[in-house]
A.B. asks: 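Dumping the structure here so I can ask a few things about it.
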Amino acid sequence: AQKVTQAQTEISVVEKEDVTLDCVYETRDTTYYLFWYKQPPSGELVFLIRRNSFDEQNEISGRYSWNFQKSTSSFNFTITASQVVDSAVYFCALIVGNQFYFGTGTSLTVIP
Amino acid sequence: GAVVSQHPSRVICKSGTSVKIECRSLDFQATTMFWYRQFPKQSLMLMATSNEGSKATYEQGVEKDKFLINHASLTLSTLTVTSAHPEDSSFYICSAHGLAASYEQYFGPGTRLTVT
């Protein structure tokens, strides 16, 4: 069975602090994809990144970075120098076949 | 990326009435569409999977007679909430999957349903 765990339900940080959102996944399939989405108060899911199971290379995009470690089945997301606009709910998700499995989300509040 | 639209974005209806939500893939053909439901401060829960021209497959616990799904064309799927009740108030999100790789799914902006 597939499962995604985001143990952090809510996180608050002060603006300009760095913050890491944790994601642990479970699957027995060798081919899968991992995603991070941002969901602002409007509700629309904003795609952030996709990684396939064969590509463990970490990625940096501006203030965002992702650390994919198959050995620990983790796909953590770090925001550097957080800003108020980063406040949102962040979902980690796993695709196996064509089905999405979402984590429970982490609500991030960046305090000015 | 591809665009998926949903209409309406918000709807308020009275208890007992039916509401139809449309999900359209605007620039690609969606062989499969998925419907999710999201309660406040919770994750997305898959309700059903619909393939064009065939009956939808519902997840366990989802009443198919209450949530009617029609995927009549490669660009349109509809979700009808029949005899809506206040507990059906939720955020409904669709996603569309085309003919490309399995990860090529695109989410609609969601529809917020409030049943009074």
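In the text below, chain A, chain B and the rest are named by the order of the sequence lines, each starting its count at 1.
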A.B. asks: In terms of heavy-atom proximity below 4.5 Å to chain A, should B:Gln6 be classed as side chain, backbone, both, or neither?
C.D. replies: neither
A.B. asks: Could you check whether atom CD of A:Gln57 has more than 12 heavy atoms from other residues, nucleotides or ligands sitting under 6.0 Å from it?
C.D. replies: no
A.B. asks: Please give me the minimum heavy-atom distance between B:Phe34 and A:Asn98, naming the atom from each residue.
C.D. replies: CZ-O, 3.2 Å
A.B. asks: Testing the basics here: between B:Gln42 and A:Phe91, what is the closest heavy-atom pair and its distance to 0.1 Å?
C.D. replies: O-CZ, 3.9 Å
A.B. asks: Any side-chain heavy-atom pair from A:Gln39 and B:Ile93 closer than 4.5 angstrom?
C.D. replies: yes
A.B. asks: Step through the shown structure and confirm whether more than 12 heavy atoms of other residues, nucleotides or ligands are within 6.0 Å of CZ on A:Arg63.
C.D. replies: yes
A.B. asks: In terms of heavy-atom contacts, does NZ of B:Lys66 have more than 12 from other residues, nucleotides or ligands at under 6.0 Å?
C.D. replies: yes
A.B. asks: If I measure from the heavy atoms of chain B, does A:Thr9 come under 4.5 Å with its side chain, its backbone, both, or neither?
C.D. replies: neither
A.B. asks: Using a 6.0 Å cut-off, check whether atom NZ of A:Lys16 has over 12 heavy atoms from anything other than its own residue.
C.D. replies: no
A.B. asks: For residues B:Gln105 and A:Tyr37, report the shortest heavy-atom separation together with the two atoms involved.
C.D. replies: O-OH, 4.5 Å
A.B. asks: When you group the ILVMFWY residues by side-chain heavy-atom contacts below 4.5 Å and let the links chain together, are A:Ile11 and A:Trp66 in the same group?
C.D. replies: yes
A.B. asks: Can you name the closest pair of heavy atoms from A:Thr104 and B:Ser43 and give their distance?
C.D. replies: CA-CB, 3.8 Å
A.B. asks: With ring centroids as reference points, do B:Phe107 and A:Phe100 lie under 6.0 angstrom apart?
C.D. replies: yes
A.B. asks: Side-chain heavy atoms nearer than 4.5 Å, only ILVMFWY residues, links allowed to pass through others: does that put A:Tyr64 and A:Ile49 together?
C.D. replies: yes
